Structures are given as structure tokens and as C-alpha cells.
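To keep things clear, I will list the structure first and then write my remarks on it.
Being a predicted model, the structure only gives us computed values, none of them experimental. Convention: sequence-line order gives letters A, B, ...; per-chain numbering from 1.
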Amino acid sequence: MLNLKDIRKDLNFFKEKIKSRFINNSDQILDLLIKLDENHRKNLETQQELQNQRNSISKNLSVEKDKNSEKFKNLSSEVSSIKNSIATLETELAKLQSNINEILHSLPNIPLDEVPVSQDENGNIEVKKSGSVRKFDFKPLSHDVLAKNLDLIDFETAANISGSRFVILKKDLAKLERALINFMIDLHTNENGYLEHNVPILVNEKSMFGTGQLPKFKDEQFQTNNNLWLIPTGEVSLTNMVADKITKYEDLPLRLVTSTPCFRLEAGAAGKDTQGIMRQHQFSKVELVSIIQPEFRVKELERMLSCAEKVLELLKLPYRVMLLSSGDMGFSAEKTYDLEVWIPSQNKYREISSCSSCSTFQANRMKARYKTIDNKNELLATLNGSGLAIGRTIIAILENYQNKDGTISIPEVLQKYMSQKTIG
RNA sequence: GGUCAGGUGGGUGAGAGGCUGAAACCAGUCGUUUGCUAAAUGACCCUACGAGUAAAAUCGUAGCGAGGGUUCGAAUCCCUCCCUGACCGCCA
């Protein structure tokens, strides 16, 4: 959530920045916001003045012993009429506040200057390419075919149990998933300085609001009939750990890692990636979150990116780093790097991680603050990144490490986690 | 799920319709004194919003789990909900 006070101070700056996010009628929306805010503050002043009057009359009444005296009756009726005016104003104020909130809650974060301005992914910039793409002396198969041939995957049974976009991994493939999670968490805790957590994957509405999934992206989330939501990413639970409190300066930065199942409705993705396990309703992901003083956030994003890259480097998978454009970035992000891994069967790079700085955008929604050195309460900066998406890592390993005979070699760093060197 | 007990500032914990934004103690911050690895002592020390300021100071309003209600006046009385703890039941 953007800070209303900041918008007040420099409306034109915000108009320009929001425009770069390609929001319809953004100028008019911001003008309306300012108008509502001015109106709200004007009414608030009047209301507070009336409350002041009410309080002081009440104070006079408290010293008046005789409740039947003329004076008591007069003052009582005076205060009654003031109360009516206050009530009217209150209704008006509540309406204005909810209109203000509606706008404020729907505005995306402001991109940093270095973010390329573009409506969609065509404006993304490749900032790095790493590893060399393997030349096959046979035609590489797609991950789902490879897995099916080895009897390691079952879409039919999963569909019967749950529906489309669900999968059952079997035997060594199930083991590979577990090995990957352990490998990644070990890396992030032992070498990258993140603290391991095990978190709820069902969360309340407030938490989903805090990280920005609600209210705008309601249609992409699974909801239970008990007002709980299945998290679409571990980011929700990890980031909300600092919600509604004032974190001590010396506790920063907080670097948190978790592995959770993630749930996505994929409502707008009908027909997209229907082959294999590229796009599932449920998938595992190792998630990194950093909570830090805002002034360090850009540096922290680079650090986080390199932590995620480290996973791909150790797995010896070819990848590239993309700086996302203003129109392709997520709602809460001010700057995002995507890591894309090489997928031989598709002959292209596909997203396997997304690392974002959300500046104080989420913190503002969550009321996540910290005490500065000079004892002021300021909003925190939050960052999140995948380190990595497990399902897509499995795809990348199966396809990049496949052998001509249909077996899969296991990347060296995973061998001790699998206690074997090949699958199949 | 049932019964009981609770939810007050960073912590412990008073308050039981106006004198309470909230005692006291602990922690914390800034001084003073003596000195030695500690003690004594004073002041300060919740948050949000609005006004104000160069920034402070300062002023106003609101907040005692949340939301309603009663009242001229609610942390305090009433209602609903949420959460925590204990015990019982059930259960991985």
C-alpha cells in the first residue's frame, strides 16, 4: 500500500509512476483520491472540534452534584445535540475512509527508476546468462514423457483424486522432490544465512491482505469455507511474521526460509502449460524472505538473487536473469528479477524463481514497523524470492540430465541426498 | 466440541462508571554521584490520526482483544464475535 501522506506531498510524481504500471484512468483515480482525502481531513477537524466541546461540557457536568438542576438539564441537552452532529459526521467520515481505502488498496507499488517501462514481458531485460546449454546427440524428451517411461509419474490417478493440474510423483521422483527441498534449505541455512521455519499454509484474510493477494487477486486463490486461505506462496506466512508489531532494530535483517506447498487457482491460465507439471494447482516451493531497513533493500535484493542463483549454479543448470518491466512485475513489487532455467524440450528459458523488493508496500498493509536508531517507528522493507520452485526444478533436472537410454543422471550435489547417482 | 478462567503500555500487573492514557515494579533511554565491572539517584519512556514546525516543541482527537449498545460521561456496565490458558472429550 502506498503512503497517502507521500502522495499528498508529490502528486505528480505518483501520477507519472502509476502511469508506468499501465493502470486505466490512473490520473483521475489519483485526483479523486486527493479530493477524498482533503474532504476527509476537513471533516475530521470539524468532528474533533465537536468532540472537544462534548468532552468539556461533560467535564462540567461531572462536578454538578444536583442532577435535577436547571444547569444540569441545559448542559445535557446541549451535549445531546452535539452528539447528533458528531454521529452524522462519523457516518460521512466512514464513507470517505472506505472510498479512500478502496483506491489505496488497489494501487500497485511504484517501480524503481532502473525498472524498464513496458506494458508486458516484451520489455523485460536480460541482465545475465549463465551456464552453457547442452547439445544433445539425440532428441531430448520432455520431463513428463521421461517420467512416464520410467513409471515415476501418474496424472490419471491424481486427476481422479483431485482433478486436473494435480499430479502424483512416484518412487525416485518423489524422493527427488524431497532431496531438492533438503538440499535447498541446507544451502540457505548453512551458507546464505537464512533461518529455517515451518509455517502455516492456511492463513487468515488479514495475512492475505498484508502481502497483497487480497482483495485484488481473490480469483487466483483457494479459500476454505472457514474463512481461511491456502497460501499461493510461503511469502505470505513468512512475511506476515512481522505484521502488527514493531521489530527491534538489532533484530534486523531477518532472513527467513521455508518450504511449503503452494496453491494457485490458475484461473486466467486455461489452456496454458497443460502438458506435464509446469503449472499445477499445488506445488512445493522453497521461499526466501528478507525483512530489512528500507535503505538496505536494493542491496538485499541483489544478495537474495545471488542466493537463488547459487542453487542453479550448484545444480549446474543453465539459466538467465531477467529484470522485469513495470507492466510485468507483481502488484507489490518495486523491482523484480526472474530466474529462468533452460528447458530443452521447449527450447527456451522458463521462470523458476522470482525475487522482488516490495519496499514498504507490504509493510504498510501489515503495519510492520521497526524502531530506528533514533527511536522512531518506521515501516520495514520486505523482500521475497523463490529459492527455488521445486516442481520446475524437477522438470529442469529431468530434461537437462536425461541420457540417451532414458535414464536420468542425478546432479552431483544431490547425490548424497538421493544416495544414488541415476534414476531409472 | 464441552466446562472454567482470562485478554490493560516492551514485560509483570493495579484500576471495577467522571479524579486514569492509565498506579506500582521490571526492562529501556538520557543525566548526576560514588567508583570499579557494580551500586545509588533524578528525569524521560505506548500508538495512530489531525493541527502546528525548517525540524522539534506544543495542542487536539481516538485507542485498555475486535465490533456494537447503555450513559451527559465507559478500561470499568450490557450484547456479539475473536484469541489465549487450564481441564475433559476426540484425534495425527
Do the side-chain N or O atoms of A:N55 get closer than 4.0 angstrom to the phosphate oxygens (OP1, OP2) of B:rG73?
-> no
What distance, rounded to whole Å, do you find between the two P atoms, one in B:rA48 and one in B:rA39?
-> 34 Å
In whole Å, what separates the C1' atom of B:rU71 from that of B:rC78?
-> 12 Å
Is there a Watson-Crick or G-U wobble partner for B:rU37 with both distances under 3.5 Å, and if so, which one is it?
-> none
Measure from the side chain of A:V79, starting at C-beta and using heavy atoms only, and say which of B:rU47, B:rG50, B:rC72 lies closest.
-> B:rC72
A:Q97 and A:N101 side chains, donor-acceptor separation under 3.5 Å = yes
Could you tell me the separation between the CG atom of A:L36 and the C1' atom of B:rG50, rounded to a whole number of Å?
-> 17 Å
G-U wobble or Watson-Crick pairing nucleotide for B:rG1 (cut-off 3.5 Å, both distances) | B:rC88
According to the Watson-Crick and G-U wobble definitions, with both distances under 3.5 Å, which nucleotide is paired to B:rC81?
-> B:rG65
Could you tell me whether the phosphate oxygens of B:rA62, OP1 or OP2, come under 4.0 Å of any side-chain nitrogen or oxygen in A:R54?
-> yes
What is the pairing partner of B:rA43, taking Watson-Crick or G-U wobble pairs with both distances under 3.5 Å in any strand?
-> B:rU29
Using the P atom in both, what is the distance from B:rG68 to B:rG63, to the nearest Å?
-> 11 Å
Side-chain (A:T88) to main-chain (A:N84) donor-acceptor, under 3.5 angstrom | yes
Rounded off to whole Å, could you give me the CG-to-P distance for the A:L93 and B:rA62 pair?
-> 13 Å
Determine the Euclidean distance between corresponding P atoms of B:rC46 and B:rG9; express it in Å to zero decimal places.
-> 13 Å
For B:rA16, give its Watson-Crick or G-U wobble partner with both distances under 3.5 Å, or none.
-> none
Across every strand shown, the nucleotide meeting Watson-Crick or G-U wobble geometry with B:rG73 (both distances under 3.5 Å) is none
More 5' along RNA chain B: A:K376 or A:Q47, using each one's nearest nucleotide?
-> A:K376
Identify the nucleotide, in any strand shown, that forms a Watson-Crick or G-U wobble pair with B:rA22, with both distances under 3.5 Å; if there is none, say none.
-> none
Ion pair check, A:K285 and A:E287, cut-off under 4.0 Å = yes
Would you indicate what A:K83 reaches in the nucleic acid, counting non-hydrogen atoms under 4.0 angstrom: base, sugar-phosphate, or nothing?
-> sugar-phosphate
Out of B:rA48, B:rC49, B:rC72, minimum distance to the side chain of A:R369 belongs to B:rA48
For B:rG31 versus B:rC45, give the span between their C1' atoms, rounded off to a whole number of Å.
-> 14 Å
In terms of side-chain heavy atoms of A:N52, which of B:rC49, B:rC72, B:rU61 is nearest?
-> B:rU61
When rounded to whole Å, the CD1 to P distance for the pair A:I86 and B:rG73 reads 9 Å
Taking atom types as modelled, is there a side-chain donor on A:K310 or A:N192 under 3.5 Å from an acceptor on the other?
-> no
Parallel, tilted or perpendicular: ring planes of A:F331 versus A:F361, cut at 30 and 60 degrees | perpendicular
Which nucleotide in the list B:rC72, B:rU61, B:rG50 gets nearest to the side chain of A:S80?
-> B:rC72
Counting side-chain heavy atoms from CB outward, which of B:rG50, B:rC72, B:rA48 is closest to A:S58?
-> B:rC72
Between atom NZ in A:K9 and atom P in B:rU53, what is the gap in whole Å?
-> 15 Å
A:L379 CG to B:rU47 P, straight-line distance once rounded to whole Å | 14 Å
Between atom CD in A:Q51 and atom P in B:rA51, what is the gap in whole Å?
-> 15 Å
Look at A:E114 together with A:K335 and state whether they make a salt bridge at an N to O cut-off of under 4.0 Å.
-> yes
Between B:rU47 and A:K371, is there an OP1 or OP2 to side-chain N/O distance shorter than 4.0 Å?
-> yes
Gap between atoms CG and P, on A:N227 and B:rC81 respectively (whole Å) = 15 Å
Closest-nucleotide 5' rank along RNA chain B - winner of A:I246 and A:E49 | A:I246
Taking atom P in both B:rG10 and B:rA23, compute the distance separating them and give it to the nearest angstrom.
-> 14 Å
Nucleotide B:rG73, atom P - distance to CD of A:E78 in whole Å = 14 Å
For B:rC36 versus B:rA75, give the span between their C1' atoms, rounded off to a whole number of Å.
-> 47 Å
Considering only atom C1', compute the distance from B:rC26 to B:rA14 and round it to an integer number of Å.
-> 15 Å
Side-chain donor or acceptor of A:Q48 under 3.5 Å from a matching atom on the base of B:rG60?
-> yes
Considering only B:rA51, B:rA62, B:rC49, which nucleotide approaches the side chain of A:K5 most closely?
-> B:rC49
With the side chain counted from C-beta on, respond yes when A:L380 and A:Q362 share a heavy-atom pair under 4.5 Å apart, and no when they do not.
-> no
Output the distance between atom CG (A:L180) and atom CE (A:M418), rounded to the nearest 0.5 Å.
-> 8.0 Å
Return no unless some side-chain N or O of A:R8 is found under 4.0 Å from OP1 or OP2 of B:rC49.
-> no
Please determine, for B:rA51, whether a Watson-Crick or G-U wobble partner exists with both distances under 3.5 Å, and give it or none.
-> B:rU58
